[in-house]
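Below is one structure, written out as structure tokens, with a few remarks after it.
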Number of protein chains: 2
Amino acid sequence: MGRRSIHTPEELRELIIDATTTIVEQEGLEGLSAREIAKRIGYSPGTLYNVFENLDDLLLIIEARLLDELALRLEGTDTSGSPSERLRRLVGTYFAFTQERPKLWNLLNEHRMPAGRTVPEWYQAKLDKLLAPLDEAMTPLLLDSDPSTRRQHARTLWASVHGMTSISTADKLSHVTAHIGRSLVDDLVQTYLAGLEKRTPARSAHS
Amino acid sequence: MGRRSIHTPEELRELIIDATTTIVEQEGLEGLSAREIAKRIGYSPGTLYNVFENLDDLLLIIEARLLDELALRLEGTDTSGSPSERLRRLVGTYFAFTQERPKLWNLLNEHRMPAGRTVPEWYQAKLDKLLAPLDEAMTPLLLDSDPSTRRQHARTLWASVHGMTSISTADKLSHVTAHIGRSLVDDLVQTYLAGLEKRTPARSAHS
DNA sequence: AAAAACATGGGACGACGTTCCATACACACT
DNA sequence: AGTGTGTATGGAACGTCGTCCCATGTTTTT
């Protein structure tokens, strides 16, 4: 077989990414294989390796898109109301996003880098970027704290929420349903914020 | 080849469990294979299937032991001092336990059941059992709340801590080191408890 | 001593990720 | 229109995986 040129390289790339995303969305990581992707797009497995280094890199691309999408969603979240209202809205957005396509979200937890390799630096950057909206929304609550303390609190809250959603989207602990997960996350934010106010009473007006 | 009877069935079972635990401890789940286990204990892969249904069931057994060990550790944690001291000690114990053998602990997150199967009921029970010490320690802080509310708070705190340790032991987000993880967990507990006191002021004496 | 029971090793199967290469097609040039 | 060149592609191949199966040879019973 030779050059078909039915699709441009860019089209082929998108074709592969779309098919892979669909598979993970429907079947989870365990339903994914190079041969299955190839079958769905009508190409042979070998072709995937002309476009991507290997499956891990392909998955990293998909994870990156997911993180970007979430970041966009967070940035677009309504910023009106009191700081704690804003924060609760942010966390609500975060949680809702993870529940829209749980198996796809779960990719972030399930997919591990192979033996020697580590996650690229831009991946960490994307993760860090998710912190910014939280950090920002937290600022009015922690006016008398230095930025690093604020960042620490933002990181704590983010890690907690992230961890809880991971539990909720993993099938393993299936009794933590989306509904229960939601109430756990709400409780966490509500109580954590109350704790912050108690530890460093805000001077600004609040709800 | 025939019956060797060098080991009794129970010995063989323990041999397999030990070898598997060691592999996961050292190499993580990705270093595990039936052939590798067999090689280490001087048997053939087929023999594993006389003792265990399949690798998933073997791993479930190991996870169960891990959960039991942690439950024991939590139950043995010093119960003196104020409720918040107790809680912080409990969470500290929990976190320390996960960091002792991070790759083994990570098994709980990495190992997924195959396609149709779900986690057995005793597995859930073991998970729930981990909540009891937290719940108990929380009681004095929430005297005016009903048990279900208390349980909800215990569950929230537990899920948050569990989620954060998962992030910290997964290699993916490797910048969340054990040290940072520890401070995040501490911040979480400290602030969450402060929030609880604010939301439902404790009547009992406290530190 | 013979027979039954059975633990075991080793081979086999299908699926996996990945690599490789002959080939058939698209394109540029005459 | 014909020729040549480059290359995208399909398909085969390799080593690994989980799992299954069964002839074999040892232990236990009769």
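Only this structure's heavy atoms are used, side chains among them; waters, hydrogens and symmetry mates stay out. Bear in mind the structure is a predicted one, so any value in this text is a computation, not a measurement. The sequence lines fix the lettering, A, B, ..., with proteins before strands; numbering per chain opens at 1.
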Rounding to a whole Å, what distance do you find between [X]:[atom1] and [N]:[atom2]?
X: B:L48; N: D:dC21; atom1: CG; atom2: P; result: 16 Å
X: A:E36; N: C:dG17; atom1: CD; atom2: C1'; result: 15 Å
X: B:I6; N: C:dA7; atom1: CD1; atom2: C1'; result: 11 Å
X: A:D57; N: C:dG17; atom1: CG; atom2: P; result: 14 Å
X: A:K39; N: C:dA15; atom1: NZ; atom2: P; result: 9 Å
X: A:H7; N: C:dA26; atom1: NE2; atom2: C1'; result: 16 Å
X: B:L58; N: D:dT19; atom1: CG; atom2: P; result: 10 Å
X: B:F52; N: D:dC20; atom1: CZ; atom2: C1'; result: 18 Å

For A:L12, which contact category applies under a 4.0 Å heavy-atom criterion: base, sugar-phosphate, or nothing?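 Sugar-phosphate: the residue A:L12, judged by heavy atoms under 4.0 Å, touches backbone atoms but no base.
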More than 12 heavy atoms of other groups within 6.0 Å of B:E11 CD: yes
Within the supplied structure, the quantity of interest is the number of heavy atoms (other residues, nucleotides, ligands) at a distance under 6.0 Å from A:K198 NZ; does it exceed 12?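 More than 12 within 6.0 Å, yes.
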Test your reading of the model: is there a side-chain donor-acceptor pair from A:R35 to the backbone of A:L32, 3.5 Å cut-off?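 No: the side chain of A:R35 does not pair with the backbone of A:L32.
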For the side chain of B:R89 and the backbone of B:S80, is there at least one donor-acceptor N/O pair under 3.5 Å apart?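 Pair found, side chain donor or acceptor close to backbone of B:S80.
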Filtered N/O pairs between nucleotides 18-21 of chain C and protein, under 3.5 Å:
| residue | atom | partner | partner atom | Å |
| --- | --- | --- | --- | --- |
| C:dT18 | OP2 | A:Y49 | OH | 2.6 |
| C:dT18 | OP2 | A:L55 | N | 3.1 |
| C:dT18 | O5' | A:Y49 | OH | 3.3 |

When you measure from the side-chain N and O atoms of B:S33 to the phosphate of D:dC17, is any distance below 4.0 Å, counting only OP1 and OP2? yes
Give a yes/no answer on whether the side chain of B:Y43 brings an N or O atom under 4.0 Å of OP1 or OP2 in C:dG9.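 Result: no.
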Using 4.0 Å as the upper bound for N to carboxylate O, is an ion pair formed by [Y] and [X]?
X: B:R13; Y: B:E10; value: no
X: B:R65; Y: B:E69; value: no
X: A:D187; Y: B:R199; value: yes
X: A:R88; Y: A:D186; value: no

Would you check, one step at a time, whether the test side chain to side chain donor-acceptor pair (under 3.5 Å) holds for B:T47 with B:N50? CA-CA 5 Å; B:T47 298; B:N50 295 335; 4.8 Å; no
For DNA chain D, which residues of residues 13-32 of chain B approach it to below 4.0 angstrom with any heavy atom? B:L32
